[in-house]
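Report on one structure; see the data block that follows.
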Amino acid sequence: MRPLVAHIDLDALRHNYQLACRCAPQSRSVAVIKADAYGHGAVECARALESQVPAFAVACIEEAIALRDGGINKPIVLLEGIFSADELPLVDRYGLWTAVHSAWQVEALMAFSPSQPIPVWLKVDSGMHRLGFDVDKAQAVWQRLVNAPQVTALHLMSHFATADASDGRYFNQQMQHVQTLAKALDAPLCLANSPATLAWPAAHGDWNRPGIMLYGSDPLEAANDITRQLRPVMSLRSEIIALRELDEGEQVGYAGRWRAKRRSRIAVVAAGYGDGYDRHAVDGTPVLVNGQRCAIAGKVSMDMLTIDVTDLKEADIGSEVVLWGTASTGELLPVDEVAGYCDAISYTLLAGVLPRVPRRYQESLV
């Protein structure tokens, strides 16, 4: 078989979830597993976490149904709510919780007769300016929903735009808007995403929504003592499949972007943008070969990439190559570091790993 595999450490996933819980012991932490658990496999990750979590969160009903079909019974929140009134019978059938962020969703819910009341999270736009009711209009919507027979367990929720930044001015403005509203309504509140869970205790509400941190990525601009405890969940590993000796001045790959400044040894690795590895990775992007740092040399191709192993004499056909994550010998290459070389963020790298890359689930990678 082709050697490229995404190894998923379920022990690390559970560790990171417990870290989120320790950060906010007075809150209940929803495990966000949208986008196929950020590329890690939603059903498998949900099964690993189900005994620990009070609820899961996904983006859309298709993701929720896949979890139900996979045997997941815990509550599931639709973070973007329904996209059509036709989805409400499915919300009812599968026992889902739903966000409500727009007037048309309220009207659709009011016109529906569920078999039992639906838990609803009313989304408020506190400054993200993406989804949600304006703060000054949310109170009237709340009063309508709280008295509706179709609705139960009504909560407020909002989303931060700058929780990852060290400058907390806009963050605090958002937080104060929604916390003031929640206090006026005596409403349970779901507010903190991963960065707010990790760095802003004042934002911890009745519920928090840790997402990217569950997968071991640090969402903050600057690491702190808590984020250093995160453990990577995905390790993307392949092998060297060919070696080339090049003279000084010879080029590698499409457009000859990389040229040898000395006699060089180039390794070909079975991984490329057809697998989801970022094509924007620049020369010098780090990889681990047998646990030691080497660097990409030349443009990433669809199925292969090339690395400079001139100074690693033991590199050979079959040598392990870690694109990000933990090597089998224990060395770590953080996905956040790799993302910086790709002008990207860890979210796009992790969620971008394509289905042709097999996921291999383990309780521990080392």
Side-chain angles (χ1 to χ4, degrees), residues 27-37 42-43 45-47 49-126 130-135 137-159 178 181-182 184-191 205-209 211:
S27 304
R28 287 175 284 182
S29 293
V30 177
V32 180
I33 54 173
K34 62 182 180 176
D36 199 28
V43 171
C45 289
R47 287 172 179 166
L49 290 172
E50 188 168 23
S51 65
Q52 302 179 24
V53 304
F56 294 103
V58 296
C60 58
I61 202 161
E62 294 90 340
E63 294 180 336
I65 291 172
L67 292 176
R68 288 286 187 252
D69 289 346
I72 302 304
N73 296 311
K74 283 289 177 70
I76 302 172
V77 186
L78 304 176
L79 292 175
E80 295 178 34
I82 58 171
F83 294 85
S84 164
D86 295 340
E87 294 180 8
L88 283 170
L90 295 174
V91 171
D92 185 36
R93 181 191 311 171
Y94 288 99
L96 307 177
W97 302 1
T98 185
V100 169
H101 58 72
S102 297
W104 74 265
Q105 291 176 327
V106 174
E107 298 307 323
L109 189 58
M110 295 298 97
F112 181 60
S113 298
S115 62
Q116 55 187 358
I118 296 171
V120 169
W121 290 17
L122 177 63
K123 190 158 193 176
V124 179
D125 179 11
S126 58
R130 195 173 61 180
L131 295 178
F133 292 90
D134 292 342
V135 171
K137 297 177 181 177
Q139 189 160 353
V141 180
W142 174 274
Q143 294 300 336
R144 187 176 181 194
L145 291 172
V146 80
N147 293 315
Q150 296 92 337
V151 174
T152 188
L154 187 60
H155 288 64
L156 276 183
M157 69 181 301
S158 193
H159 191 61
V178 71
L181 177 63
L185 296 173
D186 192 24
L189 181 60
C190 178
L191 193 55
D206 300 274
W207 296 82
N208 295 332
R209 302 187 306 277

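Positions are given from 1 along the sequence.
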Practice problem: Quick one: list whatever passes salt bridge (Lys or Arg N to Asp or Glu O under 4.0 Å) with E107, sequence neighbours left out. | Solution: R144
Please list every donor-acceptor pair under 3.5 Å in which a side-chain atom of residues 117-124 meets a protein atom from a residue at least two apart or in another chain.
none

Treating [X] as the side-chain partner and [Y] as the backbone partner, does any N or O pair qualify as donor plus acceptor under 3.5 Å?
X    : Y    : result
E50  : I72  : no
E80  : A99  : no
D92  : S115 : yes
Q150 : M110 : yes
R209 : C190 : yes

Looking at residues at least two apart in the chain, or sitting in another chain, which of them share a side chain to side chain donor-acceptor pair (under 3.5 Å) with [X]?
X    : answer
S51  : none
D125 : H129
Q105 : H101
W97  : none

Quiz item: Could you go step by step and tell me if L49 and F56 meet the side chain to side chain contact (heavy atoms under 4.5 Å, CB included) rule?
Solution: CA-CA 9 Å; L49 290 172; F56 294 103; 4.1 Å; yes
Heavy-atom pair with the smallest gap, counting every atom of [X] and [Y]:
X    : Y    : answer
I82  : T98  : N-OG1, 3.8 Å
D86  : P89  : O-CD, 3.3 Å
S29  : P54  : O-CD, 3.3 Å
W104 : A85  : CZ3-N, 4.0 Å
L154 : P188 : O-CD, 3.6 Å

To the nearest 0.5 Å, what is the distance between [atom1] on [X] and [atom2] on [Y]?
X    : Y    : atom1 : atom2 : answer
S126 : L191 : OG    : CG    : 6.5 Å
R47  : L67  : CZ    : CG    : 9.5 Å
S102 : L131 : OG    : CG    : 6.5 Å
I76  : L96  : CD1   : CG    : 6.0 Å
W207 : L156 : CH2   : CG    : 14.5 Å
L145 : L109 : CG    : CG    : 6.5 Å

Practice problem: Begin with the C-alpha distance, continue with both residues' side-chain angles, and end with the deciding distance and a verdict on side chain to side chain contact (heavy atoms under 4.5 Å, CB included) for V178 and V135. | Solution: CA-CA 7 Å; V178 71; V135 171; 5.8 Å; no
Quiz item: Looking at side-chain heavy atoms only, is the closest gap between V30 and V53 below 4.5 Å?
Solution: no
